[in-house]
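One structure is given below, encoded as structure tokens.
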Amino acid sequence: MIHLVEDRLDIDTYMELREAVHFRKLSRDQARRGLDNSLYTLVAYKDGKAVGMGRIVGDGAIICYVQDLIIRPEVQGEGIGGLILEALKRFVINIGFEGTTMMFDLMCAKGREEFYQSHGFIARPTEDLGPGMIQYLEL
């Protein structure tokens with residue numbers, strides 16, 4: 001059984017889950033500030049072990065981003081990612097202003113496009129939207 005815990009993601013769990021899927025390494029200071037500045041975090045536990053997480057970053061009014069949607073490789077395909085993503089979406093809907101539109105965005109890991117499309121996301125570029133872009137700043 002999967003148990004979801006809101007807004008209690010600690011640095012050690014965050015860094016451990018990132019490492020499990022080979023995300024870029026962070027310093028503890030980076031991780032702390034990133035978590036402190038998240039609008040919302042969610043951790044999925046299975047048999048008492050953290051097996052997945054997601055967080056929302058953004059301004060909470062115009063745009064929110066899904067950041068660090070992570071599922072441990074050994075439990076991928078069990079529906080945990082979908083549970084987390086739908087909970088993140090509910091959070092964004094609940095903080096938005098009635099009668100407005102909120103952009104709900106993410107940067108998808110290569111090969112995960114189909115998963116996100118099955119949850120209502122559209123891939124860019126489209127006829128109206130250019131490609132998503134990124135720049136890494138070495139500090």
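In this view, Q117 satisfies the side-chain hydrogen bond (donor to acceptor under 3.5 Å, both in side chains) rule with no residue, not counting sequence neighbours.
In this structure, R112 CZ and F121 CZ are separated by 15.5 Å, a value rounded to the nearest 0.5 Å. We find the CG-CD1 distance between L39 and I56 to be 7.5 Å, quoted to the nearest 0.5 Å. We find the CZ-CD distance between R24 and Q30 to be 10.5 Å, quoted to the nearest 0.5 Å. To the nearest 0.5 Å, atoms CD (E16) and CZ (R72) are separated by 4.5 Å.
Side-chain contacts under 4.5 Å among hydrophobic residues (ILVMFWY), followed directly or transitively, place L139 together with L137. Residue Y136 belongs to a hydrophobic cluster whose other members are M107, I134, with links defined by side-chain heavy atoms closer than 4.5 Å. Other residues sharing a hydrophobic cluster with M53 under the 4.5 Å side-chain heavy-atom criterion for ILVMFWY residues are V5, L9, I11, Y14, M15, L17, V21, F23, L26, L35, V43, Y45, I70.
In this structure, the side chains of Y40 and V92 stay at 4.5 Å or more apart for every pair of heavy atoms.
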Review item, side-chain donor-acceptor pairs of residues 93-105, under 3.5 Å, at least two apart:
from : atom 1 : to  : atom 2 : distance (Å)
N94  : ND2    : R90 : O      : 3.2
T100 : OG1    : F97 : O      : 2.5

Which atom pairs, one a donor and one an acceptor, fall under 3.5 Å between side chains of residues 77-86 and the rest of the protein, sequence neighbours left out?
from : atom 1 : to   : atom 2 : distance (Å)
E78  : OE1    : K46  : NZ     : 2.8
E78  : OE2    : K46  : NZ     : 3.4
E86  : OE2    : H119 : ND1    : 3.0

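Using a cut-off of 4.0 Å between Lys/Arg side-chain N and Asp/Glu carboxylate O, R55 and D7 are scored as not salt-bridged.
In this structure, E114 places its CD atom where only 12 or fewer heavy-atom neighbours from other residues, nucleotides or ligands lie under 6.0 Å away.
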(Q) With salt bridge (Lys or Arg N to Asp or Glu O under 4.0 Å) as the criterion, how do R33 and D36 come out once you've worked through the C-alpha distance, each side chain's angles and the decisive distance to 0.1 Å? (A) CA-CA 5 Å; R33 187 178 297 171; D36 287 348; over 6 Å; no
Q.
Show, in sequence, the C-alpha distance, side-chain angles and deciding distance for T41 and Q67, and conclude whether the side chain to side chain contact (heavy atoms under 4.5 Å, CB included) test is met.
A. CA-CA 9 Å; T41 64; Q67 188 62 44; over 6 Å; no
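Here the closest heavy-atom approach between residue A44 and residue L4 is recorded as CB-CD2, 3.6 Å. Considering every non-hydrogen atom in both P131 and P125, the closest pair reads N-CB, 3.8 Å. Shown here for E113 and K110, the closest heavy-atom pair between the two residues is OE2-CA, 4.1 Å.
Residues I71 and Y116 are members of one and the same hydrophobic cluster, defined by side-chain heavy-atom contacts under 4.5 angstrom among Ile, Leu, Val, Met, Phe, Trp and Tyr. When hydrophobic clusters are built by joining Ile, Leu, Val, Met, Phe, Trp and Tyr residues whose side-chain heavy atoms come closer than 4.5 Å, directly or via intermediates, L106 is not grouped with I63.
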